Amino acid sequence: MTNLKSIKQLLSKFFTLTLIILSIYGCSSTKTTVNIDELVKVSQPRVFTNTFKSGLYKTNMDIHGHELSGLMFFNKTDNSMRVVMLSEVGLKYFDIEYINDQQNPFIIHQLSELLNNEKFTYSIKNFLKLILINPNKPADTYKVEESPGFLLREENIEGNKISYYYNSNSGSISKINQSGSKKTEIILTEYDYLSPGKINYKQGKISYLLSKIEKE
Amino acid sequence: MKPNKLLALVLTFFIAIQLFGQVPDGFKPINETASFKKLITENASETQSLKSDFIQEKHLTMMEEVLISKGRFMFKKENNVRWEYLSPINYTILISNSQFVINNDGKVSSYNSESNKLFKEINNMILMAIQGNFVNDPNFTGLFYENELKYLAVLKPQDEILKNILENIEIYFDKSTLGVAEVKFIEPEEDFTLIKFHNRKQNIKIEDDQFKIN
């Protein structure tokens, strides 16, 4: 009897402890998966708004210790985004077009010999692919963040999880994370009503810092 | 007429049209190129210092709008240049003899232009744009034109690095002062950069400090 009683007490303590642990973890969880339909009412995540036409960014790049600076120009057409980077003196580093094509989304119009290597071409394509998100493409999951008004959209592309943290009202994306061997983080801040004021991209030993400037 | 002769005549006609088409609008070829080159060389050798403001226009075929930068430059013999963008960015290139210094919004980087071919070419191009100092430069071949107000030198790069970047360079000289009024850098895909100079002052006193980062 004594043994049975002590086993009951032990089990009771175990369940109580389990409940406490579960409730603690439950409280500290920051994300709740929600039905996609619930999010139809809120803004879709975006870096550039639908009304964005063009933008100019002062750009500093660090590519494995080699620094490169200039101006990056984004020009939106009906079906694509054309991105051109120029040196300050006007020479063109690259001219890339991102089109709405799942198989071949990039047209490289021009790429300077200086940058024509695998590391750079991967990073610039990855950067553009992540920031030029297609909001109409269905995500794998949507989650509600702990911070009020922020949502998380996740999708898996080629085994890498891509997470977009965005404002539920404006849709503006504040952070993009990509998991996998080429782990990437993009921080986007200082939004005006069309586009972010600063974009900070980091992927291994490659980083870009873009600061929006007003055209003359 | 034999078919071969007819073909030759037709080809000659089309080549002539093409050559005629290459003469820039509003200009005619300079007959006495030796005299023109002498004039430019003499003016360059007399130029001890220069100071000017500039407006840089970037024309891209993929877009309607033109990207505009504004700045100023200073030059002092033999090889001291300050090329400074004031808007919309703060960016300064300082060249003092073979030293090449860039001040990118407060971040200063220094290079030796003698050991870096690209910087050496940029150095040469800036000097060429400022002085029109191209007459004895083996990296370019030139065609020369004029109209009532201007001389025009169209330079084709011979160097492999420059050939990849530039189709040709057009330098417009004001006939009354022989100063460079405009320089146009034309890229292989027809995009171009146009630099217009104004408030030009020649042979004025410029302190050496202007070519050093403070």
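Predicted model only: the values in this text are computed from it and were never measured. So that the names make sense, note that chain A is the first sequence line, chain B the second, and so on, each numbered from 1. Keep in mind that the numbers below use all heavy atoms, side chains included, and drop hydrogens, waters and symmetry copies.
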Given a strict heavy-atom distance threshold of 4.5 Å, which part of A:Glu97 is in contact with chain B: side chain, backbone, both, or neither?
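Neither; nothing under 4.5 Å.
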
Within this structure, what is the [atom1]-[atom2] distance for the pair [X] and [Y], rounded to the nearest 0.5 Å?
| X | Y | atom1 | atom2 | value |
| --- | --- | --- | --- | --- |
| A:Asp95 | B:Leu60 | CG | CG | 7.5 Å |
| A:Glu88 | B:Lys58 | CD | NZ | 12.5 Å |
| A:Leu56 | B:Ser69 | CG | OG | 8.0 Å |

inquiry  = If you compare all heavy atoms of A:Ile213 against all heavy atoms of B:Pro88, which two are closest, and at what distance to 0.1 Å?
reply    =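 Residues A:Ile213 and B:Pro88, closest heavy atoms: CD1-CG, 3.9 Å.
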
Report task. Measure across A:Ser54 and B:Glu65 and return the closest heavy-atom pair with its distance rounded to 0.1 Å. Result ->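 Closest approach of A:Ser54 to B:Glu65: OG-OE2, 2.9 Å.
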
Any residues in residues 66-84 of chain A near chain B, with a heavy-atom distance under 4.5 Å, and which are they?
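At a heavy-atom separation under 4.5 Å, chain B is reached by A:Glu67, A:Ser69, A:Leu71, A:Phe73, A:Asn75, A:Arg82, A:Val84.
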
Quick check: are there more than 12 heavy atoms from other residues, nucleotides or ligands sitting under 6.0 Å from [atom1] of [X]?
| X | atom1 | result |
| --- | --- | --- |
| A:Lys202 | NZ | no |
| A:Lys183 | NZ | no |
| A:Lys161 | NZ | no |
| B:Lys51 | NZ | no |
| B:Lys163 | NZ | yes |

* Asked: Quick one: does B:Tyr85's side chain get under 4.5 Å of A:Val89's, heavy atoms only?
  ->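 Yes, side chains in contact.
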
Q: Using the side chain to side chain contact (heavy atoms under 4.5 Å, CB included) rule, take A:Leu91 and B:Thr193 through it: C-alpha gap first, then chi angles, then the decisive distance, then the call.
A: CA-CA 8 Å; A:Leu91 296 174; B:Thr193 306; 5.9 Å; no

Looking only at side chains, do A:Lys58 and B:Asn104 share a donor and an acceptor under 3.5 Å apart?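 Short answer, yes.
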
